[in-house]
Participant: 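The structure that follows is given in the form of structure tokens.
Letters A, B, ... are given to chains in the order of the sequence lines, protein chains preceding strands, and every chain is numbered from 1.
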2 protein chains.
Amino acid sequence: MSLSHAILTALIDENLTGYELAKQFDVSLGFFWQASHQQIYRELKQLHEQDYVAVEEVPQLGKPDKRVYSLTAAGQQMLEAWILAPTRSRNPKDELFIKLYNVGLVPIASIIAAIDQRQDEHRRKLALYRKIESRSYADPASLSDRKKGIYLSLLAGIRQEETGLGWCIDARKLLASVDT
Amino acid sequence: MSLSHAILTALIDENLTGYELAKQFDVSLGFFWQASHQQIYRELKQLHEQDYVAVEEVPQLGKPDKRVYSLTAAGQQMLEAWILAPTRSRNPKDELFIKLYNVGLVPIASIIAAIDQRQDEHRRKLALYRKIESRSYADPASLSDRKKGIYLSLLAGIRQEETGLGWCIDARKLLASVDT
DNA sequence: CGGTACATGTAATCTGTTACATGATTCA
DNA sequence: TGAATCATGTAACAGATTACATGTACCG
């Protein structure tokens, strides 16, 4: 599965602890692939058993010892092979649409409330992504190759949020004609 | 979880067998919530234990007996309560972006191939959604309330695919400036 | 004194995927 | 004859979520 590949990807540039990886998965890569710390620790254990990552134990004063993970040659090879393989497309799952199939069953206000909630989420994410864009990716053509790839992910995020936001507005308009 | 709610939603208008439900989950509702027949049979068993659905066994000639499921009053109440509750937003997971974070690690042609594959998927889905739109939802304002909800789901699908398709085209352009 | 950050994990449960299993009918 | 459709399921495994568990340090 792909959590392992996401972890290996994060380890290309820097060596990280499980804790630091979990934080990475709350931002950046985490915009497109989320994982909890429990998943990450479990996955790191398995990656280590297969020698795709190496560990260095770093004792610390007053804190638990750190376990700093780094990518091995085998790990990088595995990652490269996975990139060449066909990409599995995610099956979409969105509760909001199940709710929309039930217009007429419940007061329309409750459906509209769900759309408003979604609209807020889109707005928050869009603001965040645009901030990152203007800070680090203002001139895409002059970016390094690696940054171009990351920029394209960000661009996909921006457009998805814009599309979602626009849809929320139009959905509200159409639902205004529904009573109850 | 929401598979149960998707099943109850499908049972509002018609009584269905597990097999028929599985087919529904390949189209319509399935555009936004996918499930395999194994999941559906398991879920139906649980829904029945909780009395959210009722079963009628229908003997058939030459075929295995059918088990036709219908929504109970308790099931409908449960569904209504769920619609009123806050909508959990799905954590996004898309392998393609993990691959994009690795531009520079592998020949760029392999990343472009992944984008082309995605572009095809968008095109296929878009063509399908537009066909459904022109057949059944050409005049949104005149639809029944229930159909309006379903139409909005379809509209979201159409826009998502359009956005994805546009992104693929732009991604290809930017990656044209990357060598190797 | 309470909350947040640092830092690592286990256990139980819930979902999802893949493979296996059966058997009739219809269409090309 | 072989593939597709109808119709139901079990079993094993993989992946994700939620709750539990521990303990220090620093900031206000």
Side-chain angles (χ1 to χ4, degrees), chain A residues 1-8 15-27 29-30 32-50 53 55-69 82 86 88-95 98, chain B residues 1-7 14-27 29-30 32-50 52-53 55-69 82 86-95 98:
Chain A
M1 74 108 175
S2 308
L3 174 54
S4 51
H5 307 109
I7 289 174
L8 297 181
N15 300 341
L16 297 167
T17 66
Y19 186 81
E20 288 163 337
L21 275 164
K23 274 197 304 180
Q24 289 275 116
F25 276 84
D26 284 336
V27 292
L29 238 188
F32 315 103
W33 198 279
Q34 287 189 343
S36 63
H37 79 273
Q38 292 89 338
Q39 274 176 282
I40 289 164
Y41 282 119
R42 190 177 6 154
E43 199 66 35
L44 280 170
K45 198 199 276 182
Q46 285 168 230
L47 286 170
H48 185 229
E49 279 164 15
Q50 296 168 292
V53 297
V55 197
E56 194 198 352
E57 301 234 10
V58 180
Q60 296 193 120
L61 295 174
K63 290 180 190 174
D65 292 356
K66 271 189 192 180
R67 296 171 60 79
V68 179
Y69 291 88
W82 173 79
R88 282 183 303 174
S89 57
R90 295 304 304 175
N91 53 346
K93 298 221 163 159
D94 194 332
E95 293 189 354
I98 304 181
Chain B
M1 71 109 175
S2 307
L3 174 54
S4 52
H5 306 110
I7 289 174
E14 347 163 55
N15 300 341
L16 296 168
T17 66
Y19 185 81
E20 288 164 337
L21 276 163
K23 275 197 303 178
Q24 289 276 115
F25 276 84
D26 284 336
V27 293
L29 237 188
F32 315 104
W33 198 280
Q34 286 187 344
S36 63
H37 79 274
Q38 292 90 338
Q39 274 177 281
I40 288 166
Y41 282 119
R42 192 177 24 180
E43 200 66 35
L44 279 171
K45 199 199 275 183
Q46 285 169 232
L47 286 170
H48 186 229
E49 280 164 15
Q50 296 168 295
Y52 292 140
V53 296
V55 198
E56 194 198 353
E57 301 235 9
V58 180
Q60 296 193 119
L61 294 175
K63 290 181 191 174
D65 292 356
K66 271 190 192 180
R67 296 171 61 78
V68 180
Y69 291 88
W82 173 80
T87 309
R88 282 184 302 175
S89 55
R90 296 303 301 177
N91 52 347
K93 300 221 161 158
D94 194 332
E95 292 188 355
I98 304 181

Participant: Using whole Å, what does the distance between atom C1' of nucleotide D:dT10 and atom CZ of B:Arg67 come to?
Facilitator: 15 Å
Participant: D:dT10 C1' sits how many Å from B:Leu44 CG, rounded?
Facilitator: 16 Å
Participant: Is any side-chain heavy atom of B:Gln24 less than 4.5 Å from a side-chain heavy atom of B:Leu29?
Facilitator: no
Participant: On DNA chain D, check which nucleotide each of B:Tyr41 and B:Arg88 is closest to and give me the residue with the more 5' one.
Facilitator: B:Tyr41
Participant: From NE2 of A:His37 over to P of C:dA5, roughly how many Å is that when rounded to an integer?
Facilitator: 15 Å
Participant: Could you tell me the separation between the CD atom of A:Gln24 and the C1' atom of C:dA7, rounded to a whole number of Å?
Facilitator: 16 Å
Participant: Using atom CG of B:Leu16 as one end and atom P of D:dT8 as the other, report the distance to the nearest whole Å.
Facilitator: 11 Å
Participant: Does D:dT8 have OP1 or OP2 sitting under 4.0 Å from an N or O in the side chain of B:Thr17?
Facilitator: yes
Participant: Expressed as a whole number of angstroms, how long is the span from B:Asp26:CG to D:dC6:P?
Facilitator: 11 Å
Participant: For B:Lys45 and for B:Lys93, locate the closest nucleotide of DNA chain D by heavy-atom distance; then report the residue assigned to the nucleotide nearer the 5' terminus.
Facilitator: B:Lys45
Participant: Tell me whether the side-chain N/O atoms of B:Tyr19 come closer than 4.0 Å to OP1 or OP2 in D:dT8.
Facilitator: no
Participant: Think B:Gln39 has a side-chain N or O under 4.0 angstrom from the OP1 or OP2 of C:dG16?
Facilitator: yes
Participant: Enter the distance from A:Thr17:OG1 to A:Tyr69:OH here, rounded to the nearest 0.5 Å.
Facilitator: 9.0 Å
Participant: How close do A:Ser4 and A:Leu47 get, counting heavy atoms only, and between which atoms?
Facilitator: CB-CD2, 3.8 Å
Participant: How do B:Leu3 and A:Val68 order along DNA chain C: which one's closest nucleotide is nearer the 5' end?
Facilitator: A:Val68
Participant: Go through the N and O atoms of the side chain of B:Arg42 and the base of C:dG16, and report whether any donor-acceptor pair is under 3.5 Å.
Facilitator: yes
Participant: Without decimals, in angstroms, what is the distance between B:Glu43 CD and C:dG16 P?
Facilitator: 8 Å
Participant: If you round to the nearest 0.5 Å, how far is OG of B:Ser2 from CH2 of B:Trp33?
Facilitator: 4.0 Å
Participant: Take atom CD of A:Gln38 and atom C1' of C:dA7, then tell me their distance rounded to the nearest Å.
Facilitator: 13 Å
Participant: Has B:Lys23 got a side-chain N or O lying under 4.0 Å from the OP1 or OP2 atom of D:dA7?
Facilitator: no
Participant: When we call it a touch if two heavy atoms are under 4.0 Å apart, what does B:Glu20 touch: a base, just sugar-phosphate, or nothing?
Facilitator: nothing
Participant: About how many Å separate NZ of B:Lys93 and NZ of A:Lys93, when rounded to the nearest 0.5 Å?
Facilitator: 11.5 Å
